[in-house]
Amino acid sequence: MSKEKFYITTAIAYTSKKPHIGNTYEIILTDAIARFNRFIGKDVFFLTGTDEHGQKIQEIAETEGITPKEHVDKIAAQIKDIADMLNISYDKFIRTTDTYHEKAVQQIFKKLYDQGDIYKSEYEGWYCTPCESFWTNTQLADGKCPDCGREVKKAKEEAYFFKMSKYQDKLMDYIKTHPEFIQPESRKNEMVNNFLKPGLQDLCVSRTSFSWGIPVEFDPGHVVYVWIDALSNYITALGYTPDEKGDLYDKYWPADVHIIGKDILRFHTIYWPIMLMALGEPLPKQVFGHPWMLVGEEKMSKSRGNVIYAEDLVKHFGVDAVRYYSLHEMPFAQDGTITYEVFISRFNSHLANTLGNLVNRTVAMINKYFDGEIQPGNISGEFDNDLKKTATGAIERITEKMETLHVADSLDEIWRVVDRANKYIDETTPWVLAKNESDRARLGTVLYNLAETIRIIAALLSAYMPETSKRIAEQINAADLSFESTKKFGITKAGSKVGKPEVLFARIDADKKMEELTAEFGSEEAVDIAPFKDYIEFEDFEKLDIRVGKVIECDKVPKSSKLLRFTLQVGSNTRQILSGISKYHKPEELIGKNVLFVANLKPRKMMGLESRGMILSAEFEDELTVLTTMNDIQSGAEIV
């Protein structure tokens, strides 16, 4: 009987610079999902790789004084090394400079052109180099890129365009009839309401202003633009061409899930499915837009001095600790956070104290009381059944969580077993049983039950922390870590010998480690800030009436791309304020917050609505963050 197939991909990493842990999180997440599906018996194909063309890369290479190919070779090697260091079990690593990919992309472009889905015209608009996106005047946000907020350049060039609008209704129907296609649900609503319903514009799919790209065979001077080049990797990696699809494609396509960052959701849920519709190919079953890993509450940025790299974390904490933190600390649909302080805290509490201590205590007691030999587990007693039920019932709960990609929640289910085993030690008090010869058989059973539970834990951990799983299995001499074995209690053989107790995760002295990290990486780097304004008199400052207001309502202003309408609770009154921060904050994340606002700014009308005040925000690197209070201060309180 053939296995059920499972095809999973990451987004291919852009080779502009070495990725930080926020970028690397995606491949760790995808690897855990891939490993788990292999664990439960599926035939898995896991694809990752690098996106290596574009104007940005050409400009970087020119700055470095090397060729674009030399630059991408260097970065692609770094990305692959990071994946290997993190024990990523990919089946194929594709590079968009691979010859087979380039040839397939040229054929895809030609097919779409021949059937009339691509046409030649001229583009005039605004171009964002970091996002590699064209924008019209109306799409700009305060004159800048609506996606990243950076400066844009006026651009005019001959280009080929893809007829997106031709397939818009078909894609809308597909999303309606396949509710699982875009996950999480909030991401689907964003794509439908913000992009599909307003109407799609035709997509620029070739460029002539730079040369680092796949040439359009039938029109010298044009190179294939990023969308058709990069997105088609998911099928070219399987051997797809329009003329010959290949065995791997026939076997694995459509993909079961694309794991991507939420910032590139539009490309994967609108551009990519429309391309596939035009090619007459099936759409991927699901696109999962994962959240971001932030440092504190900020995105990682070299200019902020807050970038954390995977190899530095691995050097200080080990591979599986990095994998555990990345998988456990990222919520399903909300951004997660990483700091060295929190990492150390989780390392000590979850890994050293809870998991590591359980294994170490159990192996040490078997060595101490029975010379390392596991005894028969046939003297039943209180607490045994609950331990066994928790251990053997975990896989069903984990599988349910993993089927919906709630990976952090699935890890919680494993730690539920770990916690139950630690509690079992406290309940059965083996050190007390060891004092009486009459309790020796019961002591043997207690330690057997612990060893068997630890075997199940090792099996369950194999998808998330593969090296830790092996190390645990070696300590208790467990041979069977299969999926089926996690459903049964009693597989460990009496008479087998455990190894010597080894420390899985040595507890970290937090203060000492923070000193070490600060000495190695330094404190936050100096950054460029806006120049200070001229001095004012204290009397001028006293004219400002700055208050605290609690946000009780917040929504987007109709027909405005940047305005949010706030209703603030200010003491016993309410006040309406309009603020042009729509691209920086979602309304729902502000409701309930205590914000600071200027209360005595003269009222004015915007979009037909009166605004009575100004919300205060901090601006840095073209990003705005609304200022909120640390504590739940009484609304209406004056800032002095």
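Everything numeric in this text was worked out from a predicted model, so none of it was measured. Each residue takes its place number in the sequence, starting with 1.
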### Partner of Tyr424 by side chain to side chain donor-acceptor pair (under 3.5 Å), out of Asp386, Asn449, Thr390
Asn449

### Message
Taking Gly499's backbone N and O only, do any of them form a donor-acceptor pair with Asn367's side chain (distance below 3.5 Å, no angle check)?
### Response
yes

### Task
Can you see which heavy atom on Leu351 is nearest to which on Met465, and at what distance?
CD2-CE, 3.8 Å

### Query
Aromatic ring centroids of Phe343 and Tyr325 under 6.0 Å?
yes

#### Entry: Any donor-acceptor pair under 3.5 Å from Asp320 side chain to Thr468 backbone
yes

### Query
Can you check whether Glu502's main-chain N or O pairs, donor with acceptor, with Gln475's side chain at less than 3.5 Å?
yes

#### Entry: Nearest-0.5 Å distance that lies between atom CD in Glu329 and atom OG1 in Thr337
9.0 Å

### Query
Looking at His316 versus Phe347, is the centre-to-centre ring distance below 6.0 Å?
no

### Query
Is any NZ, NE, NH1 or NH2 atom of the basic residue among Glu516 and Lys513 found under 4.0 Å from an Asp or Glu carboxylate oxygen of the other?
yes

### Contact summary for Leu327 and Leu29, nearest pair of heavy atoms
CD2-CA, 3.6 Å

### Message
For the residue pair Arg38 / Ser89, report whether a side-chain donor-acceptor contact shorter than 3.5 Å exists.
### Response
yes

### Message
Once rounded to the nearest 0.5 Å, what's the spacing between atom CG of Asn233 and atom CD1 of Ile94?
### Response
4.5 Å

### Query
Are side-chain N/O atoms of Ser485 and Arg455 paired as donor and acceptor at under 3.5 Å?
yes

#### Entry: Contact check, side chains of Arg471 and Val359, non-hydrogen atoms, under 4.5 Å
no

### Query
Taking the six-membered ring of Tyr309, is NZ or CZ of Lys315 closer than 6.0 Å to its centre and within 45° of its axis?
no

#### Entry: side-chain contact (heavy atoms from CB on, under 4.5 Å) assessment of Asn477 paired with Val498
CA-CA 5 Å; Asn477 197 20; Val498 299; 5.7 Å; no

### Query
Would you say the side chains of Glu484 and Ser482 form a donor-acceptor pair under 3.5 Å?
no

### Task
Look at the side chain of Ser345 and the backbone N and O of Glu341, then say whether any donor-acceptor pair between them is shorter than 3.5 Å.
no

### Query
Is Asp73 paired with Lys69 through a side-chain N to carboxylate O contact shorter than 4.0 Å?
yes

### Task
Taking all heavy atoms of Tyr464 and all of Phe36, pick out the closest pair and write down the distance.
OH-CD1, 4.2 Å

### Query
Is a side-chain N or O of Thr354 found less than 3.5 angstrom from the main chain of Ser349, in a donor-acceptor match?
yes

### Task
List the steps and the verdict of side-chain contact (heavy atoms from CB on, under 4.5 Å) for Ile75 and Tyr14.
CA-CA 9 Å; Ile75 303 298; Tyr14 196 51; over 6 Å; no

### Query
Any salt bridge between Glu413 and Arg416, counting N to O under 4.0 Å?
yes

### Task
Output, in order, the C-alpha distance, side-chain angles, deciding distance and verdict of side-chain contact (heavy atoms from CB on, under 4.5 Å) for Leu355 and Ile472.
CA-CA 10 Å; Leu355 175 63; Ile472 293 173; 4.2 Å; yes

### Query
Can you tell me how far the CD atom of Gln634 sits from the CG atom of Asn594, to the nearest 0.5 Å?
9.0 Å

### Query
For Glu64, does the CD atom sit with more than 12 other heavy atoms under 6.0 Å from it, leaving out its own atoms?
yes

### Task
Please indicate whether Glu589 has more than 12 foreign heavy atoms, meaning atoms of other residues, nucleotides or ligands, lying under 6.0 Å from its CD.
yes

#### Entry: Heavy-atom check, side chain of Pro291 versus side chain of Arg187, under 4.5 Å
yes

### Query
Is the backbone of Ile28 close enough, under 3.5 Å, to the side chain of Arg323 for a donor and an acceptor to pair up by distance?
no

### Task
Identify the heavy atoms of His71 and Ala61 that sit nearest to each other, and give their distance.
CB-CB, 4.2 Å

### Query
Counting N and O atoms only, with roles assigned by atom type, does the side chain of Thr30 sit under 3.5 Å from a partner on the main chain of Ile27, one being a donor and the other an acceptor?
no

### Query
Would Thr48 and Asp31 count as a side-chain contact (heavy atoms from CB on, under 4.5 Å) if you check the C-alpha gap in whole Å, the side-chain angles of each, and the deciding distance to 0.1 Å?
CA-CA 10 Å; Thr48 191; Asp31 182 65; over 6 Å; no

#### Entry: Thr628 side chain near Leu596 side chain, heavy-atom distance below 4.5 Å
no

### Message
Please determine whether the number of non-hydrogen atoms from other residues, nucleotides or ligands lying under 6.0 Å from atom NZ of Lys493 exceeds 12.
### Response
no

### Any Met293 side-chain heavy atom under 4.5 Å of Thr24 side chain
no

### Which atom of Ile491 lies closest to which atom of Tyr448, heavy atoms considered
N-OH, 3.9 Å

### Task
Examine distances only and state if a side-chain atom of Glu467 and a backbone atom of Val319 form a donor-acceptor pair shorter than 3.5 Å.
no

### Task
Taking the side chain as every heavy atom from C-beta outward, state whether Phe383 and Val446 have any pair of such atoms under 4.5 Å apart.
no

### Query
Side chains of Glu52 and Thr15: is there a donor and an acceptor less than 3.5 Å apart?
no

### Query
With a cut-off of 6.0 Å (strictly less than), are more than 12 heavy atoms of other residues, nucleotides or ligands near CD of Glu400?
no

### Atom pair CD1 (Ile374) and CD1 (Ile476), whose distance is rounded to the nearest 0.5 Å
6.5 Å

### Electrostatic pair Glu452:Lys488 at N-O distance under 4.0 angstrom
no

### Query
Got a second to check how far His350's NE2 is from Asp419's CG, nearest 0.5 Å?
8.5 Å

### Task
Please work out whether the ring planes of Tyr340 and Phe521 are parallel, tilted or perpendicular, with thresholds of 30° and 60°.
parallel

### Query
Has the side chain of His585 got a donor or acceptor atom that lies under 3.5 Å from a matching backbone atom of Val626?
yes

#### Entry: For Ala421 against Leu450, the heavy-atom pair lying closest together
O-CD2, 3.7 Å

### Task
Look at atom NZ of Lys497 and say whether more than 12 heavy atoms of other residues, nucleotides or ligands are closer to it than 6.0 Å.
yes

### Message
Within the structure provided, determine whether Thr486 and Phe39 are in side-chain contact (heavy-atom separation under 4.5 Å).
### Response
yes

### Task
Could you check whether the rings of Tyr324 and Trp415 sit parallel, tilted or perpendicular, using 30° and 60° as the cut-offs?
tilted

### Task
State, with a plain yes or no, whether a side-chain heavy atom of Gln183 is found less than 4.5 Å away from one of Val287.
no

#### Entry: Partner set under salt bridge (Lys or Arg N to Asp or Glu O under 4.0 Å) for Asp51, not counting sequence neighbours
none

### Task
Keeping the roles fixed (side chain from Ser462, backbone from Ala459), state whether a donor-acceptor pair exists under 3.5 Å.
yes

### Lys42 atom NZ, over 12 foreign heavy atoms within 6.0 Å
yes

### Query
Which residues satisfy the salt bridge (Lys or Arg N to Asp or Glu O under 4.0 Å) test with Glu373, sequence neighbours excluded?
none

### Query
Between Glu396 and Thr399, is any pair of side-chain heavy atoms under 4.5 Å apart?
no

### Message
What's the separation between atom CG in Asn357 and atom CD1 in Ile425, rounded to the nearest 0.5 Å?
### Response
7.5 Å

